[in-house]
Amino acid sequence: MTIIEREHPRFAHHAEISVTLRGALLSGRTVNVSRGGLCALLQMAVEVGTELELQLVLRFDDGAQSEAIRLRCRTVWCTPINGEYQLGFSFLNLAAAAQQDLC
């Protein structure tokens, strides 16, 4: 069995996200986050290759939350699961400040 090493480690983190796609506001939550992208659950499928802006609100152990972090992303995969869609997004042109906020 071949084990594929990831460029960036993933961290299980449940955060709120929102995406505007074709005039519709989609809200969802992350499953995991890394410096390279994130996995999220949404109510609607998004076509692979779609570039969009995603807003992510981080929640911290002390109950505090971040301001919305705006991230340009591309959909890498989309899979139906339990009445929702699990999506993989890769970040595009991630600013250094946003990288620091994420991990």
Side-chain angles (χ1 to χ4, degrees):
M1 175 158 79
T2 303
I3 297 175
I4 299 172
E5 295 271 336
R6 295 195 173 273
E7 183 178 353
H8 304 288
R10 294 179 182 186
F11 297 93
H13 186 79
H14 300 283
E16 295 174 22
I17 63 166
S18 61
V19 175
T20 302
L21 184 65
R22 296 187 288 286
L25 179 63
L26 307 175
S27 59
R29 63 194 180 284
T30 61
V31 175
N32 60 57
V33 179
S34 78
R35 287 188 177 182
L38 59 83
C39 174
L41 292 170
L42 294 173
Q43 296 294 318
M44 185 173 145
V46 178
E47 186 176 337
V48 171
T50 302
E51 292 187 11
L52 48 82
E53 184 177 87
L54 182 142
Q55 292 187 39
L56 172 72
V57 176
L58 299 173
R59 302 227 180 258
F60 304 102
D61 290 338
D62 64 1
Q65 68 183 42
S66 73
E67 292 187 26
I69 302 168
R70 295 178 182 272
L71 304 162
R72 290 290 309 156
C73 300
R74 176 182 297 116
T75 306
V76 181
W77 52 269
C78 179
T79 304
I81 184 168
N82 298 326
E84 295 182 299
Y85 295 89
Q86 190 171 40
L87 296 102
F89 293 103
S90 64
F91 299 135
L92 303 173
N93 304 318
L94 188 61
Q99 283 186 5
Q100 291 248 329
D101 287 342
L102 292 174
C103 301

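From a predicted model like this one, the values you see are computed outputs, not experimental measurements. Index from 1, following the sequence.
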* Checking Thr30 side chain against Ala15 main chain: does a donor-acceptor pair fall under 3.5 Å? -> yes
* Hydrophobic cluster identity match, Val19 and Met44, side-chain contacts under 4.5 Å -> yes
* Asked: Shared ILVMFWY cluster between Leu25 and Leu42, side chains joined below 4.5 angstrom?
  -> no
* Can you tell if the side chain of Trp77 reaches within under 4.5 Å of the side chain of Ser90, non-hydrogen atoms only? -> no
* Could you give the distance from CG (Leu26) to CG (Leu52), rounded to the nearest 0.5 Å? -> 9.0 Å
* Structure fact -> Between Cys73 and Phe91, the two heavy atoms sitting closest are SG-CD2, 3.7 Å
* Structure fact -> Residues pairing under side chain to side chain donor-acceptor pair (under 3.5 Å) where one sits in residues 16-27, two or more places apart or in two chains, turn out to be Glu16-Arg59
* Asked: Which heavy atom in Thr75 sits nearest to a heavy atom in Phe89, and how many Å separate them?
  -> OG1-CE2, 3.4 Å
* Asked: Quick one: does Val57's side chain get under 4.5 Å of Ile69's, heavy atoms only?
  -> no
* To do: Mind listing the closest non-hydrogen atom pair of Gly83 and Gln43 along with its distance?
  => O-OE1, 4.4 Å
* Asked: Can you name the residues that form a salt bridge (charged side-chain N to carboxylate O under 4.0 Å, His left out) with Arg72, not counting sequence neighbours?
  -> none
* Distance from Leu92 atom CG to Leu71 atom CG, nearest 0.5 Å? -> 10.0 Å
* About how many Å separate CG of Leu41 and CD of Gln86, when rounded to the nearest 0.5 Å? -> 5.5 Å
* Please confirm whether the backbone N or O of Gly36 pairs with a side-chain atom of Ser34, one donor and one acceptor, at under 3.5 Å? => yes
* With sequence neighbours excluded, what pairs up with Glu51 under the salt bridge (charged side-chain N to carboxylate O under 4.0 Å, His left out) test? -> Arg74
* Any side-chain heavy atom of Tyr85 within less than 4.5 Å of one from Val46? -> no
* Asked: Would a 4.5 Å heavy-atom cut-off, applied to side chains only, mark Gln55 and Glu67 as touching?
  -> no
* Asked: Is Ser66 reaching over with its side chain to a backbone N or O of Leu58, donor-acceptor style, under 3.5 angstrom?
  -> yes
